[in-house]
Amino acid sequence: MGASAATGIQMVAARPCIPACQRMLGSRSVVSAFGRALSTRTGFASCVQTASAGPLVASKYKRFAVRAMSQGAAPGLPIDLRGKRAFIAGVADDNGYGWAIAKALAAAGAEILVGTWVPALNIFETSLRRGKFDESRKLPDGSLMEITKVYPLDAVYDTLEDVPEHVKTNKRYAGSSKWTVKEVAETVKDDFGSIDILVHSLANGPEVTKPLLETSRSGYLAAVSASSYSYISLLQHFLPIMNPGGASISLTYIASERTIPGYGGGMSSAKAALESDTRVLAYEAGRKGKIRVNTISAGPLGSRAAKAIGFIEKMIEYSYVNAPLQKELLADEVGNAAAFLVSPLASAITGSTVYVDNGLNTMALAVDSPTLST
């Protein structure tokens, strides 16, 4: 998946390709024309005989191997994001999904810009500068991920006029400017002109530890504002500077559709809204700017942000015991899925919720339930 990987694919057909084409297109002449067009437009070479056909296939139609290889390229289908620029909102340390996504995109060749919550900006930039994240920055080829620019960002506020006076004068925001969504989008445009990839990797629920029945109106609305409307705002302001054919992704959680006791404060509602918005935004951004929009439903990760829930380690253990794939979920696995979704390989995928959770979302029964052992 490294940036220097050569492009090219190699496939071996499991079934005869010519008879299948004939059944679809009706005649050998059409098949021949189709084959010539396929070879010309996609780089697929003509089919060549590789083995005897089965008894139900005429002997003159043998099994075929289809090869599509760039000259001198190694076999494989790499994710190539060279020449693409990504803005990732919500990176404030090196142990969350946002960081993992940034690394995966960088490994595929993309230029990385990040938006960091204003109160965390100084610590994040200092840690980067002093090499605290160097080990985490290592890419598969041994190089270090380069972050071209870090922007201060508070995605709760769309414009400077939306910011309350007590926030403007808060010492945690002192020394930073142009950090509302609109201002950041304008600054990125001034700095780089355009982007190709937009990643929403942020959420906040001030009352996340409260049951929904005990959640205040302000706490509920704050969760929805920070965790779901912020994505609408980001797309609203960044879409005009996104190149056609680009892609955007966000991060959601299974609590959007399943009850997770303890994941409160309106956060489950915020994630449900995020997934619904993903489908609508896919239509609107697709029609307006030819931009694809998807969301990844990721399994639990012991990131610094997730620890605010209070029982993240138990959630990770539960996932390990009950998921079909009984292994630890790595942040890099979510990063790799994100790299695929924003790449040309996923050019027909939009409006989807993609689960990256070792299959936990498919389970309707906890296999470690005490009732199963009685």
Side-chain angles (χ1 to χ4, degrees), residues 1 77-81 84 86-91 96-108 110 196-203 227-228 230-232 234-235 242 245-258 260 263 267-268 270-286 290-301 303 305-306 315-316 319-320 322-364:
M1 198 178 79
L77 188 62
I79 294 174
D80 188 354
L81 297 177
K84 306 296 184 182
F87 182 88
I88 303 163
V91 179
Y97 284 136
W99 179 270
I101 292 172
K103 280 185 64 178
L105 302 190
D196 304 278
I197 299 164
L198 176 66
V199 179
H200 176 277
S201 178
L202 45 86
S227 308
S228 54
S230 58
Y231 189 35
I232 297 173
L234 281 167
L235 260 177
M242 292 187 73
S248 180
I249 56 170
S250 62
L251 290 167
T252 185
Y253 182 50
I254 193 66
S256 62
E257 53 186 295
R258 301 284 190 272
I260 308 292
Y263 191 75
M267 281 303 301
S268 57
K271 292 302 185 183
L274 181 65
E275 292 177 20
S276 178
D277 292 342
T278 293
R279 294 185 285 272
V280 178
L281 290 170
Y283 169 77
E284 295 183 357
K290 294 183 171 59
I291 301 299
R292 296 182 297 105
V293 182
N294 294 291
T295 188
I296 293 176
S297 184
L301 177 74
S303 65
M315 294 170 69
I316 293 172
S319 177
Y320 181 89
N322 291 287
L325 297 179
Q326 202 169 14
K327 66 178 184 62
E328 178 186 2
L329 177 67
L330 303 178
D332 287 350
E333 293 174 305
V334 173
N336 293 342
F340 162 72
L341 285 172
V342 302
S343 78
L345 298 182
S347 59
I349 301 175
T350 193
S352 296
T353 298
V354 179
Y355 297 93
V356 185
D357 62 357
N358 287 330
L360 185 64
N361 71 92
T362 65
M363 300 299 294

Identified side-chain contact (heavy atoms from CB on, under 4.5 Å) counterpart of Ser297 within the set Asn361, Val334, Leu360, Thr252: Thr252
Stepwise side chain to side chain contact (heavy atoms under 4.5 Å, CB included) check, Thr362 with Tyr355: CA-CA 10 Å; Thr362 65; Tyr355 297 93; over 6 Å; no
Beyond-backbone contact of Tyr97 with Ile296, side-chain heavy atoms, under 4.5 angstrom: no
Ile291 and Leu198, any side-chain heavy atoms less than 4.5 Å apart: no
Heavy-atom pair of closest approach, residues Glu333 and Glu328: OE1-O, 3.8 Å
Gap between atom CG of Asp332 and atom NZ of Lys103 - 0.5 Å precision: 5.5 Å
Minimum heavy-atom distance Ala100-Ala331, with the two atoms named: CB-O, 3.3 Å
Exam field: side chain Thr295 to backbone Ser250, donor-acceptor pair closer than 3.5 Å: yes
Interatomic distance, Ile232 atom CD1 to His200 atom NE2 [nearest 0.5 angstrom]: 9.5 Å
Over all atoms of both residues, closest heavy-atom pair of Ala270 and Ser227: CB-CB, 3.8 Å
Exercise: do Ser248 and Tyr231 side chains pair donor with acceptor under 3.5 Å: yes
Side-chain donor or acceptor of Asn294 paired with backbone N/O of Ile349 under 3.5 Å: yes
Leu235 versus Val293, closest heavy-atom pair with distance: CD1-CG2, 4.1 Å
Value rounded to 0.5 Å, distance of CE in Met315 from CD1 in Ile260: 6.0 Å
Spacing of Gln326 atom CD and Tyr320 atom OH [to the nearest 0.5 Å]: 5.0 Å
Heavy-atom closest pair, residues Ala272 and Ser256: N-CB, 3.5 Å
Donor-acceptor contact present, side-chain Lys271 to main-chain Leu251, <3.5 Å: yes
Minimum side-chain heavy-atom gap Leu329-Ser319 below 4.5 Å: no
Chi angles and distances behind the side chain to side chain contact (heavy atoms under 4.5 Å, CB included) call for Ile101, Val342: CA-CA 11 Å; Ile101 292 172; Val342 302; over 6 Å; no
Nearest non-hydrogen partners of Pro78 and Leu345, listed with the distance: O-CD1, 4.1 Å
From CZ (Arg279) to OG (Ser352), nearest 0.5 Å: 9.5 Å
Any donor-acceptor N/O pair, Ser276 side chain to Ala273 backbone, under 3.5 Å: no
Side chain to side chain, Val354 and Ile249, heavy atoms closer than 4.5 Å: no
Flag, side chain of Arg292 to backbone of Ser343, donor-acceptor distance under 3.5 Å: yes
CG-CG distance between Leu274 and Leu281, expressed to the nearest 0.5 angstrom: 9.0 Å
